[in-house]
2 protein chains.
Amino acid sequence: MSSMMSENVTAPRMKAADRRELILEAATAVFGASSYVGTTTDDVARAAGVSQPYVVRLFGTKAKLYIAVIERAYERVISAFRAVLPGLDEERVARMGAAYAGLLEERGMLPVIANSTALGGDPEIGPVAREGFNSIWRFVRDEAGFTEEDTRNFMANGMLINAIVGLRLVGAYGTDDSVTEVLDSCLPNAAAKLRDLMPAAGEAW
Amino acid sequence: MSSMMSENVTAPRMKAADRRELILEAATAVFGASSYVGTTTDDVARAAGVSQPYVVRLFGTKAKLYIAVIERAYERVISAFRAVLPGLDEERVARMGAAYAGLLEERGMLPVIANSTALGGDPEIGPVAREGFNSIWRFVRDEAGFTEEDTRNFMANGMLINAIVGLRLVGAYGTDDSVTEVLDSCLPNAAAKLRDLMPAAGEAW
DNA sequence: GTCTATATGCGGATAGAC
DNA sequence: GTCTATCCGCATATAGAC
């Protein structure tokens with residue numbers, strides 16, 4: 001009668017690289033739900049099904065873990081954009097916008113990016129967030145070939161979406177219909193997607 | 001030889017309301033520089049020249065202090081917009097944009113707003129940040145009389161500026177000229193203003 | 001590779017004097 | 001109205017077993 005009922009005393013052995021990726025995914029969801037400050041390494045650990053010291057062991061510090069999370073998130077955005085580039089035509093603004101909206105379905109991805117844009121003042125995180133933002137900017141302008149003005153408008157719309165996501169202005173929290181109207185005019189269907197994906201207050205994503 | 005050199009052992013007596021305002025101003029600068037998480041109540045206290053327990057005493061908790069700060073900031077944005085409304089004409093988009101940019105000169109005002117848009121997930125702060133954002137949205141649309149589309153574009157540009165401010169993409173941190181180009185195309189002169197106002201890494205504002 | 005146990009430090013908050 | 005002293009909790013990080 002020793003360990004019968006205790007589930008998950010020890011997570012199944014796994015290659016460190018795989019475990020890393022698993023933790024990064026969980027961490028993205030948790031950081032996305034509660035922001036950098038509001039999340040503890042223990043929250044991340046429990047979401048990933050491992051012990052708190054182990055996530056610290058793997059990533060060194062909480063800040064380094066978060067940095068790994070946002071680097072991965074920014075890369076993901078670019079890969080999503082890149083995927084819709086082939087055969088780029090007149091619709092590339094709409095298609096890339098849709099690609100961004102599609103990321104709403106990947107837990108925490110957009111919230112994490114939104115949050116990272118407010119952390120430029122942090123000496124460790126700031127440089128990484130800036131580089132991520134810049135990399136998207138450059139991609140849109142140089143690889144997708146947007147004009148200067150289209151690039152600005154595209155990024156501005158993205159930041160508006162980030163703010164709406166960061167504020168939890170839709171979903172269980174939404175009170176003002178005008179906001180979802182706006183969202184709809186930014187990216188058709190994004191509002192509906194957000195509504196579905198948003199957890200109730202206090203819930204995890 | 002007792003208290004000769006000790007400066008400010010006790011802050012000069014003052015009406016609580018005035019002290020409150022003084023602390024709010026200092027707190028705006030400090031929260032703006034280091035974000036909500038990165039700031040301690042002691043940081044605020046020292047910036048305001050009072051003791052740490054006293055700021056807690058006046059505001060109850062750190063979260064309540066921050067809430068007071070962002071409420072004040074959102075009100076300030078609206079008052080700045082309202083000030084340029086009389087005799088509103090064709091230029092109202094440009095004039096309100098300039099009014100927003102003018103707030104760059106008030107320490108921490110824009111950074112605080114930028115940061116608050118990432119804290120929607122916080123059960124205490126979230127509702128206040130949402131209400132602040134909504135109030136600006138409504139003002140632009142209903143009182144300034146912007147069209148639905150102009151409102152969205154205006155807010156989107158504002159969020160882009162917030163992101164640039166939040167990321168510290170200009171000033172001592174700026175590395176990519178393309179970003180200041182963009183800022184200039186959003187709001188003429190804003191980039192130069194930002195450059196002047198941004199502190200070096202790690203410095204207080 | 002992963003855990004348990006624990007040290008450590010920091011920051012928010014309280015008590016109470018002046 | 002404002003401070004000093006201090007408590008206390010919590011979360012990060014370490015040590016070391018398995």
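Order of the sequence lines fixes the chain letters, A, B, ..., with proteins taken first and strands second; residue numbering starts at 1 for each chain.
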Asker: Could you list the residues that satisfy salt bridge (charged side-chain N to carboxylate O under 4.0 Å, His left out) with A/E124, not counting sequence neighbours?
Answerer: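 So A/E124 forms no salt bridge (charged side-chain N to carboxylate O under 4.0 Å, His left out) with any residue.
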Asker: Within residues 16-24 of chain A, which residues have any heavy atom lying less than 4.0 Å from an atom of DNA chain C?
Answerer: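 Listed by number, they are A/A16, A/R19.
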Asker: Could you encode protein contacts along nucleotides 12-18 of chain C as a string, one character per nucleotide from 5' to 3', using B for base contact, S for sugar-phosphate-only contact and - for no contact, with a heavy-atom cut-off of under 4.0 Å?
Answerer: BBB-B--
Asker: Before we go on, tell me: are the rings of A/F154 and A/F81 under 6.0 Å apart, centre to centre?
Answerer: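 Yes, ring centres under 6.0 Å apart.
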Asker: Tell me the interatomic distance from B/M14, atom CE, to D/dG1, atom P, rounded to whole angstroms.
Answerer: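 My rounded result for the distance is 11 Å.
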Asker: Would you mind listing every salt bridge (charged side-chain N to carboxylate O under 4.0 Å, His left out) that reaches into residues 22-42 of chain B, with sequence neighbours excluded?
Answerer: B/D42-B/R46
Asker: Of the nucleotides D/dC3, C/dT2, D/dT2, which one has an atom closest to the side chain of B/S51?
Answerer: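 My answer, after comparing the listed nucleotides, is D/dC3.
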Asker: Which heavy atom in B/L103 sits nearest to a heavy atom in B/A80, and how many Å separate them?
Answerer: CD2-CB, 4.2 Å
Asker: Using a strict threshold of under 4.0 Å (side-chain N to carboxylate O), is an ion pair present between B/E143 and B/R138?
Answerer: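 Looking at B/E143 together with B/R138, the answer is no, because their closest N to O distance does not fall below 4.0 Å.
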Asker: Only pairs under 3.5 Å count here: list side-chain donor-acceptor contacts from residues 62-72 of chain A, not counting sequence neighbours, and write none if there are none.
Answerer:
| from | atom 1 | to | atom 2 | distance (Å) |
| --- | --- | --- | --- | --- |
| A/K62 | NZ | A/Y36 | O | 3.1 |
| A/K62 | NZ | A/T39 | O | 2.7 |
| A/Y66 | OH | A/N115 | OD1 | 3.3 |
| A/R72 | NE | A/E21 | OE2 | 3.1 |
| A/R72 | NH1 | A/T28 | OG1 | 3.4 |
| A/R72 | NH2 | A/E21 | OE2 | 2.9 |

Asker: Whole-Å distance between D/dA11 C1' and A/L65 CG?
Answerer: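 That distance rounds to 14 Å.
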Asker: Can you list everything that forms a salt bridge (charged side-chain N to carboxylate O under 4.0 Å, His left out) with A/R76? Sequence neighbours excluded, please.
Answerer: A/E106
Asker: Closest heavy-atom contact between B/R19 and B/A11?
Answerer: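 Shortest heavy-atom separation between B/R19 and B/A11 comes out as NH2-CB, 3.5 Å.
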